[in-house]
Amino acid sequence: MCANVFGVLKSLFGKPFDGGKRMDHGGPPQQQRQHPMEQQQQPYNPQHPAMMRLYEVQKEVASLGPQVCTFSGLQNDRDYKRLERELTRLLLEVDQVDTEGKPDLQGARKRAAQEVEGLLRYLEENATHPSRLAIEELSTSARQLVDDRVVAPQRSGGAAEISDELVDALQQLVLRLTQVKTEGRVPLRKARYRALTRLCAVQDVIEGRTQQQTLSLPLSGDTHEAVHRINQVMVKVSVARSQLVALLMGLSGRDSCAHLSRILTEMQVELDALDVSGNAAIRNYRKQVVEEINGLLKHLDLEGEGDDTRRYDLAQNNSIREIEAVRAHVSHLREGILRYCAMGDLSFRPKAELQGLLTHLDQVDTAKNPCIREARRRAVVEVQAVITFLDLREALACRQPGPNEHPSHRAVWLVLGSLSDLQAQVLGFDGKRADKSYMMLEELLTKQLLALDAVEPQGDETTKVARKQAVKFAQNILNYLDMKTDEWEY
């Protein structure tokens, strides 16, 4: 959209006004023929008052265009209202340009009005786009969660409630944010990226906290004086952590990044002044606290995060290219494996090669970019799906049930055989959720889960373990099928 806007603007205003002469792009200029009426019209001077006013409007549109094309907020944001007000003013000014009834001036005015209207429409479309509203809804859920568990308890003088449940809930919100569709729109990509970076920063802050320690003086049961001082700093760090989380999630109306940065820097100075010579344990404790303070400080530069399009427009990102190269390699191996398996040949087992791809993915630099993290996670799932398929096929081929095998245990293995066949179809599936083949696979996998649920172990521990593993395996196949069809984008 923005490229089109500026392209048309250039065509409108980037050269002297030609008096409305139309060019026949099918042939060279010298071969063009003019309408008799056009031959009688004289080119309008660029100094014509109407053209001068349109040139002035063009300059303002050119300055507002980039702001509109990168605006990632909502309709109630101050910048949205400012841009809407400025564009509406320009539209009124264009409408007031006196064209003296001249068709060429009227055409220039009409094109100028269309450009302003296009920017207004683009601004509104992005601010009210369903994906933008979904991003805001998830951000609001994250703010409410963090406020209830971390910020509010700290403000009331209590301790933040940091639990595995909170960490898991935050991770779930991150995953849901990465799955929001942006249709390639820069404002939506920017909004999603900014929401993700803040939520991931909150995760790092929460998970990177240092526990207080009690370290004794040498040859004494008394706590070392420096430890008391470090613990006092730790109390301040705990408060600062909650303040930082509040800032990141937009829950702080008074604090600022600059103010919090000064407080954290003062803590570092206080720690540096402590005499901990001769005690390695206390030096290590102080080092841990200093590192945590540094970890908090690094998250205070998120104000401008997301302004650089290279952070959220990842088409040319080197890490994404690495991940895509791995995925292409996995796709090639998967096709070969399925082709051999269809012929009943299990000799092609590039498991070592697949493990090498997992190692490669583990080494990909995500630069703490949540979208790259998610891309890598999905690639890992693709590799693991092929490896588990090979493992189960091998286990089924090598299986030699004894005469005393428990009937329930045999029933679980029968289901696993069916799951292996279905997994081969899932690995080869390349459709969408609306496809009949998708719905058929989903239904068949669900039936296998029901079949496992119907298996009665009858007190046999081996069967219990096998059934539990088979249920997990079936759920993983369903999740993989779901991942393949969720139309995720970077």
Side-chain angles (χ1 to χ4, degrees), residues 72-73 77-79 136 138-163 166-167 169-171 173-174 177 190-191 193-213 226 228-274 285-308 311 367-370:
S72 60
D77 290 356
R78 183 188 305 171
D79 282 342
E136 186 61 22
L138 290 169
S139 298
T140 300
S141 298
R143 280 194 292 271
Q144 187 63 50
L145 178 66
V146 170
D147 192 23
D148 292 343
R149 303 289 186 84
V150 181
V151 179
Q154 193 78 45
R155 283 176 179 164
S156 61
E161 183 185 342
I162 309 298
S163 62
L166 171 61
V167 173
L170 290 173
Q171 181 59 29
L173 287 169
V174 167
L177 274 169
K190 183 176 179 180
Y193 178 73
R194 289 173 69 89
L196 280 167
T197 51
R198 279 151 180 74
L199 194 49
C200 287
V202 169
Q203 281 184 302
D204 288 341
V205 170
I206 289 174
E207 295 174 3
R209 65 193 186 283
T210 302
Q211 299 298 326
Q212 286 193 5
Q213 299 182 18
H228 284 304
R229 298 281 299 279
I230 297 174
N231 284 339
Q232 289 172 356
V233 172
M234 280 294 297
V235 173
K236 298 178 184 177
V237 170
S238 179
V239 174
R241 186 188 304 113
S242 294
Q243 291 174 337
L244 175 58
V245 168
L247 279 168
L248 291 171
M249 300 306 295
L251 296 169
S252 176
R254 296 174 299 172
D255 298 323
S256 68
C257 289
H259 175 67
L260 186 55
S261 178
R262 285 195 299 271
I263 292 175
L264 290 168
T265 303
E266 289 172 1
M267 293 182 200
Q268 286 182 322
V269 172
E270 185 177 349
L271 289 172
D272 287 340
L274 291 178
Y285 181 27
R286 182 178 68 174
K287 180 182 177 182
Q288 291 178 21
V289 179
V290 169
E291 288 176 350
E292 179 167 355
I293 293 174
N294 287 332
L296 298 180
L297 283 167
K298 75 178 181 182
H299 292 302
L300 288 171
D301 60 355
L302 284 177
E303 287 301 313
E305 186 69 37
D307 291 337
D308 183 0
R311 294 293 291 166
K368 294 192 175 180
N369 186 309

Handout entry: Separation of L264 CG from R241 CZ (nearest 0.5 Å)
Key = 10.5 Å
Exercise for the section: Quick one: closest heavy-atom pair of V289 and M234, and the distance? Expected result: CG2-SD, 3.5 Å
Exercise for the section: Output yes when a side-chain donor or acceptor of R286 lies under 3.5 Å from a complementary backbone atom of L274, and no otherwise. Expected result: yes
Exercise for the section: Report yes if the side chains of V290 and M267 come closer than 4.5 Å at any heavy-atom pair, otherwise no. Expected result: no
Completion exercise
CD of Q171 to SG of C200, rounded to nearest 0.5 Å, is 7.5 Å
Practice task
State, yes or no, whether a side-chain contact exists between L145 and L173 at a heavy-atom distance under 4.5 Å.
Solution key: yes
Fill in the blank from the handout: CG (L297) and OG1 (T265) are apart, to the nearest 0.5 Å, by 5.5 Å
Handout entry: Interatomic spacing from OH in Y285 to CG in L271 - rounded to 0.5 Å
Key = 9.5 Å
Exercise for the section: Kindly write out the residues that satisfy side chain to side chain donor-acceptor pair (under 3.5 Å) with N294, not counting sequence neighbours, or none if the list is empty. Expected result: Q268
Handout entry: Side-chain heavy-atom pair M249, D147 within 4.5 angstrom cut-off
Key = no
Practice task
Kindly compute the distance separating CD1 (I230) from CD (Q288), expressed to the nearest 0.5 Å.
Solution key: 9.5 Å
Exercise for the section: Check whether any side-chain heavy atom of L166 lies under 4.5 Å from a side-chain heavy atom of V150, and answer yes or no. Expected result: yes
Completion exercise
So CD of Q144 and OG of S139: to nearest 0.5 Å the spacing works out to 13.0 Å
Completion exercise
When every non-hydrogen atom of L199 is compared with those of L177, the smallest separation belongs to CD2-CD1, 3.9 Å
Practice task
Assess the side chains of T140 and R143: does a donor N or O sit below 3.5 Å from an acceptor N or O?
Solution key: yes
Handout entry: Residue pair L170 / V146, side-chain heavy-atom distance below 4.5 Å
Key = yes
Exercise for the section: Decide yes or no for E270 and K236: does some side-chain heavy atom of the first lie under 4.5 Å from some side-chain heavy atom of the second? Expected result: yes
